[in-house]
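Structure record follows, encoded as structure tokens.
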Amino acid sequence: MSDTAAFVQVYGKPGDGTLDTCRLLLRAEKRRRLPLAGAANGTEICMQDSSGDIALFVIGTKSTAVPGIAFLQGDLTVWRAS
């Protein structure tokens, strides 16, 4: 994880993570670490790197036939130099 990247979780209903939302949240964000251990299916995370690229990562989980085991998937949208 980069020391120059910023991460912030979007709170609200699924789909609230937009470029404008991410810009607003990241502008005030000072933290550099985000614990993913408690992230649930549908969690939206805004990220920004040192070059100004903003990304929205949406966490998805897929359960299996074996109880207690699931796959973690993600969908990443990147807005370059935003």
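Taking the side chain as every heavy atom from C-beta outward, Glu44 and Leu56 approach each other to under 4.5 Å. In this structure the side chain of Val78 never reaches within 4.5 angstrom of the side chain of Ile54, judged on heavy atoms.
With sequence neighbours left out, Asp20 forms a salt bridge (charged side-chain N to carboxylate O under 4.0 Å, His left out) with Arg23. For Asp49, the side chain to side chain donor-acceptor pair (under 3.5 Å) partners are Ser51, not counting sequence neighbours. Take Thr77 and apply the side chain to side chain donor-acceptor pair (under 3.5 Å) test, not counting sequence neighbours, and it matches no residue.
Cluster annotation: Ile45 and Tyr11 are assigned to distinct hydrophobic clusters (Ile/Leu/Val/Met/Phe/Trp/Tyr, side-chain heavy-atom contacts under 4.5 Å, transitive). Hydrophobic clustering, with ILVMFWY side chains joined whenever heavy atoms are under 4.5 angstrom apart, groups Ile59 together with Leu76.
Closest approach of Trp79 and Cys22 over heavy atoms only: CZ3-SG, 4.4 Å. Nearest heavy-atom pair across Leu25 and Gln9 is CD1-O, 4.3 Å.
Grouping Ile, Leu, Val, Met, Phe, Trp and Tyr residues whose side-chain heavy atoms lie under 4.5 Å apart, directly or via other members, places Ile69 in a hydrophobic cluster with Val66.
Side-chain atoms of Asp75 do not come within 3.5 Å of backbone N or O of Val58 as any donor-acceptor pair.
Sorted by first and then second residue, the salt bridge (charged side-chain N to carboxylate O under 4.0 Å, His left out) pairs involving residues 7-19 (not counting sequence neighbours) are Lys13-Asp16.
Gln48 contributes atom CD, which lies 5.0 Å from atom CG of Leu26 (distance to the nearest 0.5 angstrom).
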